[in-house]
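One structure below.
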Amino acid sequence: NAGVTQTPKFQVLKTGQSMTLQCAQDMNHNSMYWYRQDPGMGLRLIYYSASEGTTDKGEVPNGYNVSRLNKREFSLRLESAAPSQTSVYFCASLRLGGSPLHFGNGTRLTVT
Amino acid sequence: GQQVMQIPQYQHVQEGEDFTTYCNSSTTLSNIQWYKQRPGGHPVFLIQLVKSGEVKKQKRLTFQFGEAKKNSSLHITATQTTDVGTYFCAGTSNTGKLIFGQGTTLQVKP
């Protein structure tokens, strides 16, 4: 069982470039999440998808878009990367509300 | 808005010393979860507390949920170098929203 798989693991972008972070889970979980982690800031929710076909903003959605492609996959897109988006991005999933989150290994993104 | 505050932000201890991290919520929580993130790794679920006043133990780790379900603590007895990492609490609000604390980073000197 792979759990939650994120790609790529590392990425360097120049300001203004775009990219999509991919996430897939094989646990048949209903909800999926994108977090960013910055030093001293903990984990901040960017977007989430409570179920297939729905997406909602978290606390820091500006500059990002998401797509819940199907039950397994939830992608995060940066249309025009900015240095402030340099961070570690984690995808996570859970089966039902109140269940524990299962995290992917993260994507380390640097925007120069 | 709803917040979960976690203290301290950093803690350095000598191996063998005890360690405690605390979480406080501005509102009543339906449950609280604890996660551990090793350096360079991803958060991994440790435990969930649901009941008021609940105490759970995992070997040298003791987790408590306050009577008012607004605060929680994680205590590690006799730390080891394998305990190094960042510990996060995450509270589920009554609306179902999961809110993470800022995390406590533990360093253990051998």
Side-chain angles (χ1 to χ4, degrees), chain A residues 1-10 21 23-25 27 29-51 54-61 87-110, chain B residues 1-11 21-26 28-51 54 56 58 63 65 69 85-107:
Chain A
N1 242 353
V4 180
T5 304
Q6 284 184 241
T7 55
K9 291 185 179 179
F10 301 93
L21 281 64
C23 175
Q25 52 90 10
M27 296 173 284
H29 284 176
N30 293 307
S31 303
M32 298 185 74
Y33 301 78
W34 277 105
Y35 289 91
R36 61 176 289 173
Q37 184 175 31
D38 303 290
M41 303 290 284
L43 292 157
R44 292 185 292 169
L45 183 63
I46 306 171
Y47 269 94
Y48 67 100
S49 171
S51 60
T54 69
T55 60
D56 284 289
K57 294 179 181 179
E59 50 180 311
V60 289
S87 188
V88 180
Y89 291 85
F90 288 102
C91 177
S93 70
L94 63 81
R95 186 172 61 88
L96 294 171
S99 303
L101 279 167
H102 295 255
F103 285 85
N105 288 332
T107 295
R108 282 149 181 82
L109 174 67
T110 301
Chain B
Q2 294 165 317
Q3 287 188 334
V4 174
M5 305 299 294
Q6 189 173 354
I7 57 169
Q9 187 173 358
Y10 298 99
Q11 184 82 57
T21 174
Y22 301 90
C23 277
N24 289 289
S25 169
S26 56
T28 303
L29 302 169
S30 58
N31 65 57
I32 194 150
Q33 299 172 358
W34 285 92
Y35 294 80
K36 177 182 178 181
Q37 183 179 24
R38 295 183 186 275
H42 60 278
V44 174
F45 174 75
L46 293 177
I47 208 161
Q48 178 169 279
L49 305 170
V50 180
K51 298 177 185 175
E54 190 169 13
K56 286 189 177 180
Q58 287 180 349
F63 303 85
F65 201 10
K69 300 183 74 173
T86 301
Y87 293 85
F88 290 98
C89 63
T92 302
S93 71
N94 290 334
T95 59
K97 192 175 173 184
L98 187 67
I99 307 161
F100 275 87
Q102 298 92 329
T104 297
T105 298
L106 173 65
Q107 299 276 12

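We name chains A, B, ... by the order of the sequence lines, and we start the count at 1 in each one.
Neither the backbone nor the side chain of A:Tyr33 has a heavy atom closer than 4.5 Å to any heavy atom of chain B. For A:Arg44, no part lies under 4.5 angstrom from a heavy atom of chain B. Interface remark: A:Glu59 contributes no atoms to any contact with chain B (heavy atom separation under 4.5 Å).
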Please set out all donor-acceptor pairs under 3.5 angstrom arising from side-chain atoms of residues 93-104 of chain A, sequence neighbours excluded.
from, atom 1, to, atom 2, distance (Å)
A:Ser93, OG, A:His29, ND1, 2.8
A:Ser99, OG, A:Leu96, N, 3.4
A:Ser99, OG, A:Leu96, O, 2.9

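Of residues 86-95 of chain B, those residues lying under 4.5 Å from chain A by any heavy-atom pair are B:Phe88. Within residues 34-44 of chain B, the residues having any heavy atom closer than 4.5 Å to a heavy atom of chain A are B:Tyr35, B:Gln37, B:Gly40, B:Gly41, B:His42, B:Pro43, listed by residue number.
For A:Tyr89, the side-chain hydrogen bond (donor to acceptor under 3.5 Å, both in side chains) criterion is met by A:Tyr64, not counting sequence neighbours.
Within 6.0 Å of the CZ atom in B:Phe45, the count of heavy atoms belonging to other residues, nucleotides or ligands exceeds 12.
Interatomic distance, B:Leu98 CG to A:Tyr48 OH, rounded to the nearest 0.5 Å: 11.5 Å.
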